[in-house]
Amino acid sequence: MTAQLDPRGDVAVLVPAAGAGVRLGAGGPKALRLLGGEPLLVHAIRRVASAPSVSAIVVAAPPPDVEAVRSLLAPVAPVIVVAGGAERQESVAAALAAVPRGPDIILVHDAARALAPSALVESVAAAVRAGSAAVIPVLPVVDTVKEVDAKGVVLGTVDRSVLRAVQTPQGFRRSILAAAHASAAASLTDDAGLVEKQGVPVTCVPGHEHALKITRPFDLAVAELLLDQAQ
Ligand code: C5P
């Protein structure tokens, strides 16, 4: 059944999905790999679309697959699909340019975090609505972390109590994200990094274990288990 988005919602979600997925092994763009028989992107969009605050969703697809992604998502939710770029940041910028007027809160999500629950979408959006300019969901780091040199010799042990692993969706006041992308020089792996460079404070909210990033075959196996558990 196609989800309906509420036009009164104040949140637009950008979903960069144009990555090649090389670390997942051969088999085409990562967002279109199957999890429980459905593409990762379909799982991600279904969860985003069921968050009540979301009024618009923009997906950046691999350029050759734009039409295929439009057809794939048409039965899932009303989604705008644009062509992504060579780097994630370019894909996000392309999606940002296609956001309709209206929503004042922009969330940037990864198609690769296909099982991020809609409650996480809402909690990030709520923190922006409550006054934070930029919000990231985080988890504590459980492993001991070492700094090493190029030869693999340990230089030191990092105090993990001050470290956090960062997930998506990351949330922003629209004007803040637009300004960060407009002045972006170097390519960074997340959007909060761009905003930090502008001197804007970034606030943390609790992340969710199901929002794991599906990068390697092991992650896909874990996601299959989570999906089975949920059924
Ligand atoms: O490569 P990485 O795992 O960091 O990608 C994170 C997300 O960014 C994925 O959903 C991927 O599809 C997307 N991406 C993109 N355009 C690129 C590279 C990655 O939309 N050129």
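Read the numbers this way: they start at 1 and go in the same order the structure lists the ligands and their atoms. Keep in mind that what you see is a predicted model, and the values were worked out from it rather than measured.
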Distance filter under 4.0 Å to [X] heavy atoms, resulting ligand 1 atoms:
X	result
Ala111	10 (O)
Lys213	2 (P), 3 (O), 4 (O)
Lys30	3 (O)
Ser91	15 (C), 16 (N), 17 (C), 20 (O), 21 (N)

Query raised in the report: Looking at ligand 1, does any of its N/O atoms fall within less than 3.5 Å of an N/O of Thr215?
Result: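 No; every N/O pair is 3.5 Å or more apart.
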
Query raised in the report: Going by distance only, is there an N or O of Ala60 that falls short of 3.5 Å from an N or O of ligand 1?
Result: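 Among all N and O atoms of Ala60, none is under 3.5 Å from an N or O of ligand 1.
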
**Report entry** Glu224 atom CD: more than 12 heavy-atom contacts under 6.0 Å
**Finding:**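 Above 12, so yes.
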
Query raised in the report: Got more than 12 heavy atoms from elsewhere within 6.0 Å of CZ, Arg216?
Result: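 12 or below, so no.
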
Query raised in the report: Should the proximity of Ala86 to ligand 1, defined as any heavy atom under 4.0 Å, be assigned to the side chain, the backbone, both, or neither?
Result: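 The answer is the backbone.
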
Requested in this report: Taking only Lys NZ, Arg NE, NH1 and NH2, and the carboxylate oxygens of Asp or Glu, determine whether Asp219 and Arg113 approach each other closer than 4.0 Å.
Outcome: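 Answer for the salt bridge query: no.
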
Query - Presence of salt bridge, Arg8 and Asp6, under 4.0 angstrom - result: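 Yes, this pair counts.
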
Would you compute the distance between atom [atom1] of [X] and atom [atom2] of [Y] and round it to the nearest 0.5 angstrom?
X	Y	atom1	atom2	value
Leu73	Ile57	CG	CD1	8.5 Å
Leu120	His109	CG	NE2	7.5 Å
Leu72	Asp65	CG	CG	10.0 Å

**Report entry** side chain to side chain contact (heavy atoms under 4.5 Å, CB included), paired with Val58, selected from Ile106, Val15, Val99, Val79
**Finding:**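 When side chain to side chain contact (heavy atoms under 4.5 Å, CB included) is applied between Val58 and each of Ile106, Val15, Val99, Val79, only Val99 qualifies.
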
Requested in this report: Sort out for me which residue in Leu139, Val124, Val138 forms a side chain to side chain contact (heavy atoms under 4.5 Å, CB included) with Gln167.
Outcome: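 One option only clears the test, and that one is Leu139.
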
Would you call [X] a ligand 1 contact, heavy-atom distance under 4.0 Å?
X	answer
Ala31	no
Glu90	no
Gly84	no

What residue and heavy atom of the protein are closest to [atom], and at what distance?
atom	result
atom 20 (O) of ligand 1	Ala18 N, 2.8 Å
atom 9 (C) of ligand 1	Pro16 O, 3.8 Å
atom 1 (O) of ligand 1	Arg23 NH2, 3.4 Å
atom 7 (C) of ligand 1	Asp110 OD1, 3.3 Å
atom 12 (O) of ligand 1	Gly19 N, 2.9 Å

Query raised in the report: Would you find a donor on one side and an acceptor on the other, under 3.5 Å apart, between the side chain of Arg164 and the backbone of Ser161?
Result: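 Indeed, once roles are kept as given, a pair shorter than 3.5 Å links the two residues.
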
Requested in this report: Look at atom 21 (N) of ligand 1 and find which of Gly85, Pro29, Ala95, Ala94 reaches it with the closest heavy atom.
Outcome: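 When every heavy atom of Gly85, Pro29, Ala95, Ala94 is considered, Gly85 comes closest to atom 21 (N) of ligand 1.
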
